[in-house]
Amino acid sequence: MALTTDTLRIGINKITDQVDPMGAHLNELDGRLGDGDLGVTMVNGFKNIAAVSDDLPDDFGMACMDCAKAMTKVSGSSFGTLMGISLMAVAKQTKGQTEIEWDRLPDLLQAALDAMIARGGASIGDKTMLDSLTAVIAATTGKTSAQDALAAAAEAADGALIEFFDQPCKIGRARIFGDKTKGMDDPGMVAIKSMIDCFT
Amino acid sequence: MKKIMNDAVNYVDETLEGLEAAHPDVFRIDGETRRLLRKPTASVDRVGVVSGGGFGHLPIFAGYVGDGLLDACAVGDVFASPDMNPMLEAIKSADAGKGVLCVVGNYGGDKMNFAMACEFADMEDITTQQIIVNDDVASAGVDEIEKRRGVAGLVYVVKVAGAAAQAGKSLDEVYACADRARQNTRTMGVALGSCIVPQAGKVTFEIADDEIEIGMGIHGEPGVWRGKNKPADELAAELLHKLTDELDLLKGDRVSVLVNGLGATPAEELYILFRAVNRILSDKGIEIVQPLVGNYATSMEMAGASISLMKLDDELEQLLAAPAKNPFWGK
(Lines give C-alpha, C1' and ligand atoms only; values in the text may rest on other atoms or scores of the structure.)
Protein backbone atom coordinates (compact mmCIF):
# COMPACT_ATOMS: atom_id res chain seq x y z
CA MET A 1 0.00 0.00 0.00
CA ALA A 2 1.35 3.41 -0.96
CA LEU A 3 1.54 6.54 1.14
CA THR A 4 -1.53 8.74 0.53
CA THR A 5 -3.33 11.64 2.15
CA ASP A 6 -5.39 9.03 4.04
CA THR A 7 -2.17 7.58 5.46
CA LEU A 8 -1.25 11.11 6.49
CA ARG A 9 -4.60 11.45 8.30
CA ILE A 10 -4.02 8.19 10.19
CA GLY A 11 -0.57 9.46 11.20
CA ILE A 12 -1.95 12.80 12.36
CA ASN A 13 -4.56 11.00 14.48
CA LYS A 14 -2.00 8.70 16.06
CA ILE A 15 0.28 11.55 17.05
CA THR A 16 -2.57 13.82 18.16
CA ASP A 17 -3.92 11.05 20.43
CA GLN A 18 -0.66 10.95 22.35
CA VAL A 19 0.57 14.51 21.99
CA ASP A 20 -0.56 15.76 25.42
CA PRO A 21 1.61 13.45 27.55
CA MET A 22 4.35 13.74 24.93
CA GLY A 23 4.20 17.52 25.17
CA ALA A 24 4.40 17.54 28.95
CA HIS A 25 7.51 15.36 28.86
CA LEU A 26 9.14 17.51 26.17
CA ASN A 27 8.40 20.73 28.06
CA GLU A 28 10.18 19.32 31.06
CA LEU A 29 13.20 18.24 29.03
CA ASP A 30 13.34 21.54 27.16
CA GLY A 31 12.98 23.56 30.37
CA ARG A 32 16.36 22.24 31.53
CA LEU A 33 18.13 23.55 28.43
CA GLY A 34 15.98 26.05 26.60
CA ASP A 35 12.88 28.06 27.28
CA GLY A 36 10.63 25.08 27.90
CA ASP A 37 8.22 25.67 25.06
CA LEU A 38 8.99 22.70 22.82
CA GLY A 39 6.12 20.63 24.16
CA VAL A 40 3.68 23.53 23.85
CA THR A 41 4.75 23.94 20.24
CA MET A 42 4.20 20.23 19.55
CA VAL A 43 0.78 20.15 21.23
CA ASN A 44 -0.50 23.33 19.56
CA GLY A 45 1.07 22.47 16.23
CA PHE A 46 -0.49 19.01 16.01
CA LYS A 47 -3.84 20.29 17.24
CA ASN A 48 -3.73 22.85 14.41
CA ILE A 49 -2.94 20.09 11.93
CA ALA A 50 -5.71 17.89 13.33
CA ALA A 51 -8.14 20.75 12.79
CA VAL A 52 -7.44 20.80 9.04
CA SER A 53 -7.02 17.02 8.71
CA ASP A 54 -10.51 16.33 7.32
CA ASP A 55 -10.14 18.98 4.64
CA LEU A 56 -6.74 17.88 3.32
CA PRO A 57 -6.71 17.46 -0.48
CA ASP A 58 -5.85 14.14 -2.18
CA ASP A 59 -2.80 15.76 -3.75
CA PHE A 60 -0.20 14.58 -1.23
CA GLY A 61 2.03 17.62 -1.83
CA MET A 62 -0.79 20.09 -1.32
CA ALA A 63 -1.86 18.17 1.79
CA CYS A 64 1.68 18.55 3.18
CA MET A 65 1.54 22.29 2.35
CA ASP A 66 -1.67 22.67 4.36
CA CYS A 67 -0.07 20.78 7.25
CA ALA A 68 3.00 23.04 7.05
CA LYS A 69 0.81 26.13 7.24
CA ALA A 70 -1.12 24.74 10.20
CA MET A 71 2.03 23.67 12.04
CA THR A 72 3.62 27.10 11.71
CA LYS A 73 0.58 28.82 13.23
CA VAL A 74 2.18 28.45 16.63
CA SER A 75 4.55 31.00 17.98
CA GLY A 76 7.29 29.91 20.29
CA SER A 77 9.85 27.21 19.65
CA SER A 78 11.71 27.22 16.33
CA PHE A 79 10.88 23.50 16.28
CA GLY A 80 7.46 24.40 14.86
CA THR A 81 9.05 26.46 12.10
CA LEU A 82 11.49 23.66 11.29
CA MET A 83 8.62 21.14 11.13
CA GLY A 84 6.91 23.53 8.73
CA ILE A 85 10.07 23.78 6.62
CA SER A 86 10.30 19.97 6.52
CA LEU A 87 6.69 19.51 5.48
CA MET A 88 7.13 22.10 2.79
CA ALA A 89 10.23 20.42 1.40
CA VAL A 90 8.25 17.17 1.16
CA ALA A 91 5.35 19.09 -0.41
CA LYS A 92 7.61 20.33 -3.20
CA GLN A 93 8.76 16.79 -3.99
CA THR A 94 5.25 15.37 -4.06
CA LYS A 95 3.12 18.16 -5.52
CA GLY A 96 0.57 16.76 -7.99
CA GLN A 97 0.94 13.16 -6.73
CA THR A 98 -1.65 11.15 -4.84
CA GLU A 99 0.27 7.92 -4.15
CA ILE A 100 3.85 7.84 -2.86
CA GLU A 101 5.73 4.55 -2.74
CA TRP A 102 7.28 3.82 0.67
CA ASP A 103 10.74 3.35 -0.81
CA ARG A 104 10.75 7.08 -1.57
CA LEU A 105 10.58 7.87 2.17
CA PRO A 106 14.38 8.26 2.63
CA ASP A 107 14.55 10.70 -0.31
CA LEU A 108 11.68 12.75 1.06
CA LEU A 109 13.26 12.84 4.51
CA GLN A 110 16.54 13.85 2.90
CA ALA A 111 14.79 16.79 1.21
CA ALA A 112 13.38 17.79 4.61
CA LEU A 113 16.82 17.45 6.20
CA ASP A 114 18.49 19.55 3.50
CA ALA A 115 15.88 22.29 3.87
CA MET A 116 16.30 22.38 7.65
CA ILE A 117 20.08 22.63 7.33
CA ALA A 118 19.75 25.42 4.75
CA ARG A 119 17.21 27.42 6.75
CA GLY A 120 17.94 26.60 10.35
CA GLY A 121 21.71 26.93 10.47
CA ALA A 122 22.46 23.72 12.40
CA SER A 123 24.79 21.04 11.07
CA ILE A 124 24.96 17.27 11.31
CA GLY A 125 26.69 16.35 14.57
CA ASP A 126 25.40 19.34 16.56
CA LYS A 127 23.19 17.01 18.61
CA THR A 128 19.84 18.04 17.18
CA MET A 129 16.91 16.33 15.49
CA LEU A 130 18.97 16.53 12.30
CA ASP A 131 21.12 13.73 13.71
CA SER A 132 18.04 11.62 14.44
CA LEU A 133 16.79 12.19 10.93
CA THR A 134 20.16 11.27 9.42
CA ALA A 135 20.03 7.95 11.26
CA VAL A 136 16.42 7.37 10.21
CA ILE A 137 17.22 8.07 6.56
CA ALA A 138 20.06 5.54 6.58
CA ALA A 139 17.92 2.92 8.31
CA THR A 140 14.87 3.29 6.08
CA THR A 141 16.78 3.17 2.81
CA GLY A 142 15.65 0.13 0.82
CA LYS A 143 12.59 -0.55 2.99
CA THR A 144 9.55 -1.06 0.77
CA SER A 145 6.71 -1.44 3.29
CA ALA A 146 5.35 0.90 5.93
CA GLN A 147 5.88 -1.70 8.63
CA ASP A 148 9.55 -2.28 7.81
CA ALA A 149 10.25 1.42 7.40
CA LEU A 150 8.65 2.33 10.74
CA ALA A 151 10.42 -0.43 12.64
CA ALA A 152 13.77 0.61 11.19
CA ALA A 153 13.04 4.28 11.90
CA ALA A 154 12.18 3.61 15.55
CA GLU A 155 15.36 1.64 16.08
CA ALA A 156 17.47 4.32 14.35
CA ALA A 157 15.94 7.17 16.41
CA ASP A 158 16.74 5.20 19.57
CA GLY A 159 20.27 4.60 18.37
CA ALA A 160 20.81 8.30 17.69
CA LEU A 161 19.72 9.20 21.24
CA ILE A 162 22.17 6.68 22.66
CA GLU A 163 24.98 7.78 20.35
CA PHE A 164 24.65 11.48 21.24
CA PHE A 165 23.77 11.11 24.94
CA ASP A 166 27.33 11.78 26.11
CA GLN A 167 28.07 14.52 23.60
CA PRO A 168 27.54 18.28 24.14
CA CYS A 169 24.87 20.32 22.32
CA LYS A 170 26.59 22.56 19.80
CA ILE A 171 23.85 24.91 18.70
CA GLY A 172 20.93 27.01 19.91
CA ARG A 173 20.24 28.04 23.46
CA ALA A 174 21.39 24.66 24.75
CA ARG A 175 24.91 25.43 23.49
CA ILE A 176 25.34 27.92 26.34
CA PHE A 177 25.24 24.98 28.74
CA GLY A 178 28.13 23.33 26.88
CA ASP A 179 29.53 20.29 28.62
CA LYS A 180 26.60 20.23 31.06
CA THR A 181 24.53 18.86 28.19
CA LYS A 182 26.69 15.74 28.13
CA GLY A 183 24.60 12.99 29.65
CA MET A 184 21.33 14.66 28.62
CA ASP A 185 19.05 13.88 25.72
CA ASP A 186 18.40 16.67 23.23
CA PRO A 187 14.68 17.52 23.47
CA GLY A 188 14.28 17.80 19.68
CA MET A 189 15.80 14.35 19.21
CA VAL A 190 13.41 12.98 21.82
CA ALA A 191 10.53 14.65 19.97
CA ILE A 192 11.45 12.77 16.78
CA LYS A 193 11.67 9.49 18.66
CA SER A 194 8.33 10.13 20.42
CA MET A 195 6.58 10.87 17.14
CA ILE A 196 7.86 7.68 15.54
CA ASP A 197 6.83 5.71 18.62
CA CYS A 198 3.23 6.76 18.07
CA PHE A 199 3.22 4.39 15.09
CA THR A 200 4.77 1.31 16.69
CA MET B 1 6.67 46.79 35.99
CA LYS B 2 4.76 50.00 35.41
CA LYS B 3 3.14 50.26 31.98
CA ILE B 4 0.07 51.84 30.47
CA MET B 5 -1.75 48.69 29.42
CA ASN B 6 -4.60 46.35 30.22
CA ASP B 7 -3.62 42.69 29.98
CA ALA B 8 -0.07 41.97 28.79
CA VAL B 9 -1.53 39.23 26.57
CA ASN B 10 -3.39 41.87 24.54
CA TYR B 11 -0.54 44.39 24.40
CA VAL B 12 0.19 44.02 20.69
CA ASP B 13 -3.40 43.67 19.51
CA GLU B 14 -4.61 46.66 21.49
CA THR B 15 -1.76 48.79 20.11
CA LEU B 16 -2.75 47.81 16.57
CA GLU B 17 -6.37 48.63 17.33
CA GLY B 18 -5.29 52.04 18.58
CA LEU B 19 -3.25 52.67 15.44
CA GLU B 20 -6.18 51.73 13.23
CA ALA B 21 -8.62 53.85 15.21
CA ALA B 22 -6.33 56.89 15.16
CA HIS B 23 -5.35 56.66 11.50
CA PRO B 24 -8.11 54.81 9.64
CA ASP B 25 -6.97 56.37 6.36
CA VAL B 26 -3.54 54.71 6.74
CA PHE B 27 -3.90 51.46 8.71
CA ARG B 28 -6.23 48.49 8.44
CA ILE B 29 -5.96 45.36 10.60
CA ASP B 30 -6.54 42.20 8.60
CA GLY B 31 -5.68 38.53 8.34
CA GLU B 32 -6.88 35.39 10.04
CA THR B 33 -4.79 36.08 13.12
CA ARG B 34 -5.38 39.87 13.00
CA ARG B 35 -1.60 40.28 12.81
CA LEU B 36 -1.53 41.81 9.37
CA LEU B 37 -1.50 45.59 9.11
CA ARG B 38 -2.10 46.94 5.62
CA LYS B 39 -3.16 50.02 3.73
CA PRO B 40 -6.97 50.41 3.51
CA THR B 41 -6.78 50.43 -0.29
CA ALA B 42 -4.44 48.06 -2.06
CA SER B 43 -1.91 49.41 -4.57
CA VAL B 44 -2.74 48.73 -8.20
CA ASP B 45 -0.40 47.73 -11.01
CA ARG B 46 2.86 48.11 -9.17
CA VAL B 47 5.38 46.17 -7.07
CA GLY B 48 4.33 45.54 -3.48
CA VAL B 49 6.63 46.17 -0.51
CA VAL B 50 6.13 44.35 2.78
CA SER B 51 7.98 43.83 6.01
CA GLY B 52 7.43 42.04 9.27
CA GLY B 53 9.10 41.42 12.57
CA GLY B 54 8.76 41.42 16.30
CA PHE B 55 6.69 44.16 17.89
CA GLY B 56 7.90 46.77 20.37
CA HIS B 57 9.94 48.85 17.91
CA LEU B 58 7.36 51.37 16.69
CA PRO B 59 7.34 53.05 14.28
CA ILE B 60 9.37 50.19 12.73
CA PHE B 61 8.01 47.80 11.40
CA ALA B 62 4.21 48.02 11.21
CA GLY B 63 4.10 51.77 11.82
CA TYR B 64 5.57 52.35 8.38
CA VAL B 65 2.60 51.01 6.45
CA GLY B 66 1.37 53.76 4.14
CA ASP B 67 1.51 55.15 0.62
CA GLY B 68 5.15 55.45 -0.43
CA LEU B 69 6.27 53.07 2.32
CA LEU B 70 5.03 49.53 3.11
CA ASP B 71 1.90 48.06 1.56
CA ALA B 72 1.51 45.59 4.39
CA CYS B 73 3.34 44.29 7.44
CA ALA B 74 3.27 41.08 9.50
CA VAL B 75 3.22 41.69 13.22
CA GLY B 76 4.76 39.38 15.84
CA ASP B 77 4.65 39.48 19.62
CA VAL B 78 6.92 41.87 21.49
CA PHE B 79 10.49 41.03 20.44
CA ALA B 80 9.33 37.79 18.77
CA SER B 81 9.03 37.09 15.07
CA PRO B 82 5.58 36.60 13.60
CA ASP B 83 5.06 33.11 12.22
CA MET B 84 5.00 32.70 8.47
CA ASN B 85 1.20 32.91 8.10
CA PRO B 86 0.78 36.69 8.56
CA MET B 87 3.90 37.12 6.42
CA LEU B 88 2.25 35.16 3.62
CA GLU B 89 -0.94 37.18 4.13
CA ALA B 90 1.10 40.38 3.86
CA ILE B 91 2.71 39.21 0.61
CA LYS B 92 -0.64 38.20 -0.86
CA SER B 93 -2.34 41.43 0.12
CA ALA B 94 0.52 43.50 -1.36
CA ASP B 95 0.70 41.58 -4.62
CA ALA B 96 -0.75 43.48 -7.55
CA GLY B 97 0.67 41.12 -10.14
CA LYS B 98 4.11 42.75 -10.33
CA GLY B 99 5.81 40.89 -7.49
CA VAL B 100 6.58 41.74 -3.87
CA LEU B 101 9.75 42.86 -2.11
CA CYS B 102 10.15 41.72 1.50
CA VAL B 103 12.28 43.92 3.76
CA VAL B 104 13.57 41.68 6.54
CA GLY B 105 15.76 42.41 9.55
CA ASN B 106 18.65 39.99 9.93
CA TYR B 107 17.25 37.86 12.77
CA GLY B 108 16.96 34.05 12.72
CA GLY B 109 13.20 33.77 13.20
CA ASP B 110 12.29 36.61 10.84
CA LYS B 111 14.54 35.22 8.11
CA MET B 112 13.37 31.64 8.47
CA ASN B 113 9.70 32.59 8.47
CA PHE B 114 9.98 35.02 5.56
CA ALA B 115 11.91 32.42 3.54
CA MET B 116 9.05 29.99 4.10
CA ALA B 117 6.39 32.58 3.33
CA CYS B 118 8.17 33.37 0.06
CA GLU B 119 8.27 29.69 -0.87
CA PHE B 120 4.52 29.46 -0.24
CA ALA B 121 3.99 32.60 -2.31
CA ASP B 122 6.04 31.05 -5.09
CA MET B 123 3.79 28.00 -5.09
CA GLU B 124 0.88 30.40 -5.54
CA ASP B 125 2.72 32.07 -8.45
CA ILE B 126 3.62 35.29 -6.66
CA THR B 127 7.19 36.42 -7.36
CA THR B 128 9.06 37.68 -4.31
CA GLN B 129 12.49 38.97 -3.44
CA GLN B 130 13.96 39.55 -0.01
CA ILE B 131 16.33 42.19 1.32
CA ILE B 132 18.02 41.13 4.54
CA VAL B 133 18.97 44.33 6.37
CA ASN B 134 22.22 44.18 8.37
CA ASP B 135 23.20 47.76 9.28
CA ASP B 136 24.34 47.34 12.91
CA VAL B 137 28.14 47.64 12.79
CA ALA B 138 28.48 46.72 16.47
CA SER B 139 26.98 43.26 16.04
CA ALA B 140 29.79 41.67 13.98
CA GLY B 141 33.01 42.62 12.22
CA VAL B 142 33.37 43.52 8.55
CA ASP B 143 34.57 39.97 7.88
CA GLU B 144 31.25 38.62 9.19
CA ILE B 145 29.06 41.38 7.80
CA GLU B 146 26.30 38.90 6.89
CA LYS B 147 25.85 38.19 10.61
CA ARG B 148 25.09 41.81 11.51
CA ARG B 149 21.62 42.57 12.85
CA GLY B 150 19.15 44.92 11.23
CA VAL B 151 18.35 47.99 13.35
CA ALA B 152 17.40 51.62 12.59
CA GLY B 153 18.79 51.33 9.05
CA LEU B 154 15.62 49.36 8.27
CA VAL B 155 13.90 52.76 8.09
CA TYR B 156 16.03 53.85 5.12
CA VAL B 157 15.57 50.56 3.29
CA VAL B 158 11.79 50.64 3.82
CA LYS B 159 11.56 54.26 2.64
CA VAL B 160 13.68 53.73 -0.46
CA ALA B 161 11.90 50.48 -1.40
CA GLY B 162 8.46 52.04 -0.86
CA ALA B 163 9.30 55.11 -2.93
CA ALA B 164 10.82 53.02 -5.72
CA ALA B 165 7.70 50.84 -5.89
CA GLN B 166 5.48 53.93 -5.85
CA ALA B 167 7.50 55.32 -8.78
CA GLY B 168 6.43 52.31 -10.84
CA LYS B 169 9.79 50.52 -11.01
CA SER B 170 9.96 46.77 -11.69
CA LEU B 171 10.65 44.26 -8.92
CA ASP B 172 14.29 43.95 -9.99
CA GLU B 173 14.67 47.72 -9.98
CA VAL B 174 12.97 48.13 -6.60
CA TYR B 175 15.24 45.40 -5.25
CA ALA B 176 18.31 47.13 -6.69
CA CYS B 177 17.40 50.48 -5.11
CA ALA B 178 16.59 48.91 -1.74
CA ASP B 179 19.76 46.85 -1.82
CA ARG B 180 21.85 49.94 -2.56
CA ALA B 181 20.18 51.67 0.39
CA ARG B 182 21.09 48.65 2.53
CA GLN B 183 24.69 48.60 1.38
CA ASN B 184 25.07 52.35 1.89
CA THR B 185 23.66 52.36 5.43
CA ARG B 186 25.45 51.81 8.74
CA THR B 187 24.19 52.19 12.30
CA MET B 188 25.69 52.19 15.76
CA GLY B 189 23.83 52.72 19.02
CA VAL B 190 24.22 53.24 22.73
CA ALA B 191 21.93 52.04 25.51
CA LEU B 192 21.50 53.98 28.77
CA GLY B 193 18.70 52.01 30.36
CA SER B 194 16.83 48.75 29.95
CA CYS B 195 13.36 47.91 28.72
CA ILE B 196 10.58 45.62 29.87
CA VAL B 197 8.85 43.09 27.64
CA PRO B 198 5.21 43.20 28.87
CA GLN B 199 4.75 39.43 29.13
CA ALA B 200 8.13 39.02 30.84
CA GLY B 201 7.26 41.72 33.37
CA LYS B 202 10.85 42.49 34.38
CA VAL B 203 13.78 44.39 32.90
CA THR B 204 15.54 42.70 29.97
CA PHE B 205 18.97 43.54 31.39
CA GLU B 206 20.48 45.38 34.35
CA ILE B 207 22.65 48.43 33.88
CA ALA B 208 24.02 50.72 36.62
CA ASP B 209 22.79 54.30 36.93
CA ASP B 210 26.03 55.83 35.65
CA GLU B 211 26.74 53.21 32.99
CA ILE B 212 26.13 53.01 29.26
CA GLU B 213 26.58 50.16 26.80
CA ILE B 214 27.92 50.99 23.35
CA GLY B 215 26.66 48.83 20.54
CA MET B 216 23.84 47.10 22.40
CA GLY B 217 21.19 45.52 20.15
CA ILE B 218 17.56 46.55 20.10
CA HIS B 219 16.54 43.52 22.16
CA GLY B 220 19.31 43.99 24.70
CA GLU B 221 21.87 41.86 22.86
CA PRO B 222 25.35 42.46 24.31
CA GLY B 223 27.28 45.37 22.84
CA VAL B 224 30.92 46.30 22.34
CA TRP B 225 31.77 47.71 25.74
CA ARG B 226 30.05 48.88 28.90
CA GLY B 227 31.37 51.66 31.08
CA LYS B 228 30.85 55.11 32.55
CA ASN B 229 28.71 57.60 30.64
CA LYS B 230 30.48 60.22 28.53
CA PRO B 231 29.69 63.75 27.27
CA ALA B 232 27.40 63.73 24.21
CA ASP B 233 30.10 65.10 21.90
CA GLU B 234 32.43 62.22 22.77
CA LEU B 235 29.64 59.69 22.34
CA ALA B 236 28.77 61.10 18.92
CA ALA B 237 32.41 60.93 17.85
CA GLU B 238 32.74 57.34 18.99
CA LEU B 239 29.53 56.16 17.31
CA LEU B 240 30.22 58.07 14.10
CA HIS B 241 33.81 57.03 13.68
CA LYS B 242 33.06 53.47 12.61
CA LEU B 243 30.22 54.54 10.32
CA THR B 244 32.18 57.13 8.35
CA ASP B 245 35.11 54.77 8.19
CA GLU B 246 33.16 51.82 6.77
CA LEU B 247 31.18 53.96 4.34
CA ASP B 248 34.42 55.47 3.07
CA LEU B 249 32.96 58.96 3.37
CA LEU B 250 35.06 61.67 1.76
CA LYS B 251 34.88 65.44 1.46
CA GLY B 252 31.98 66.35 -0.81
CA ASP B 253 29.95 63.19 -0.12
CA ARG B 254 26.31 63.59 0.82
CA VAL B 255 24.62 61.58 3.57
CA SER B 256 21.32 61.37 5.34
CA VAL B 257 21.70 61.17 9.13
CA LEU B 258 19.18 59.42 11.35
CA VAL B 259 19.56 60.19 15.04
CA ASN B 260 17.13 57.68 16.46
CA GLY B 261 15.75 57.49 19.99
CA LEU B 262 15.36 54.02 21.49
CA GLY B 263 12.14 54.92 23.31
CA ALA B 264 12.80 56.70 26.59
CA THR B 265 15.34 59.31 25.54
CA PRO B 266 13.96 62.85 25.17
CA ALA B 267 14.02 64.69 21.85
CA GLU B 268 16.23 67.29 23.53
CA GLU B 269 19.04 64.78 23.92
CA LEU B 270 18.64 63.51 20.37
CA TYR B 271 19.16 67.07 19.14
CA ILE B 272 22.23 67.48 21.36
CA LEU B 273 23.54 64.35 19.66
CA PHE B 274 22.60 65.62 16.22
CA ARG B 275 24.39 68.89 16.90
CA ALA B 276 27.59 66.97 17.57
CA VAL B 277 27.14 64.75 14.50
CA ASN B 278 26.54 67.82 12.35
CA ARG B 279 29.75 69.44 13.57
CA ILE B 280 31.87 66.38 13.02
CA LEU B 281 30.55 65.75 9.50
CA SER B 282 30.74 69.44 8.55
CA ASP B 283 34.37 69.55 9.64
CA LYS B 284 35.04 66.69 7.25
CA GLY B 285 33.27 68.46 4.42
CA ILE B 286 30.48 65.86 4.33
CA GLU B 287 27.12 67.34 3.48
CA ILE B 288 24.04 66.33 5.47
CA VAL B 289 20.85 66.11 3.42
CA GLN B 290 17.48 65.21 4.89
CA PRO B 291 18.40 64.69 8.53
CA LEU B 292 15.97 62.61 10.57
CA VAL B 293 15.84 63.16 14.34
CA GLY B 294 13.33 61.34 16.51
CA ASN B 295 11.99 57.91 17.41
CA TYR B 296 12.09 55.69 14.31
CA ALA B 297 13.21 52.27 15.57
CA THR B 298 12.68 51.82 19.29
CA SER B 299 13.06 49.11 21.91
CA MET B 300 10.05 49.69 24.14
CA GLU B 301 11.19 52.06 26.93
CA MET B 302 14.88 51.49 26.46
CA ALA B 303 16.88 54.69 26.99
CA GLY B 304 19.55 55.53 24.47
CA ALA B 305 20.01 56.40 20.84
CA SER B 306 21.51 55.23 17.61
CA ILE B 307 23.11 57.07 14.74
CA SER B 308 22.61 55.84 11.17
CA LEU B 309 24.18 57.21 8.04
CA MET B 310 23.04 56.49 4.51
CA LYS B 311 25.48 57.58 1.85
CA LEU B 312 23.43 59.16 -0.91
CA ASP B 313 23.51 59.19 -4.66
CA ASP B 314 21.05 61.20 -6.74
CA GLU B 315 18.51 58.41 -6.98
CA LEU B 316 18.60 57.47 -3.28
CA GLU B 317 18.24 61.14 -2.39
CA GLN B 318 15.16 61.48 -4.60
CA LEU B 319 13.58 58.32 -3.24
CA LEU B 320 14.21 59.44 0.32
CA ALA B 321 12.61 62.81 -0.42
CA ALA B 322 9.56 61.35 -2.18
CA PRO B 323 6.25 61.96 -0.38
CA ALA B 324 4.83 59.32 1.95
CA LYS B 325 1.49 59.15 3.70
CA ASN B 326 2.20 58.00 7.21
CA PRO B 327 1.77 59.54 10.67
CA PHE B 328 5.32 58.66 11.70
CA TRP B 329 7.11 59.85 8.59
CA GLY B 330 5.73 63.35 8.95
CA LYS B 331 5.98 64.87 5.53
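Every chain is numbered from 1, with letters handed out A, B, ... down the list of sequences.
Considering every non-hydrogen atom in both B:Gly105 and B:Asp110, the closest pair reads O-CB, 3.9 Å.
Partner of B:Phe55 under the side chain to side chain contact (heavy atoms under 4.5 Å, CB included) criterion, out of B:Asp13, B:Val197, B:Thr15: B:Thr15 alone.
Counting only heavy atoms from C-beta outward, the side chains of A:Val190 and A:His25 approach each other to under 4.5 Å. With contacts defined as side-chain heavy-atom distances shorter than 4.5 Å, the pair B:Ile131/B:Leu101 qualifies. Looking at heavy atoms from C-beta onward, A:Met83 lies in side-chain contact with A:Met195 at the 4.5 angstrom threshold.
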**OP:** Please assess B:Asn85 against A:Thr72 for the test side chain to side chain donor-acceptor pair (under 3.5 Å), listing each intermediate value before the final yes or no.
**Re:** CA-CA 7 Å; B:Asn85 292 283; A:Thr72 55; 3.1 Å; yes
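Residues from residues 48-66 of chain A that place a non-hydrogen atom less than 4.5 Å from a non-hydrogen atom of chain B comprise A:Met65, given in numerical order.
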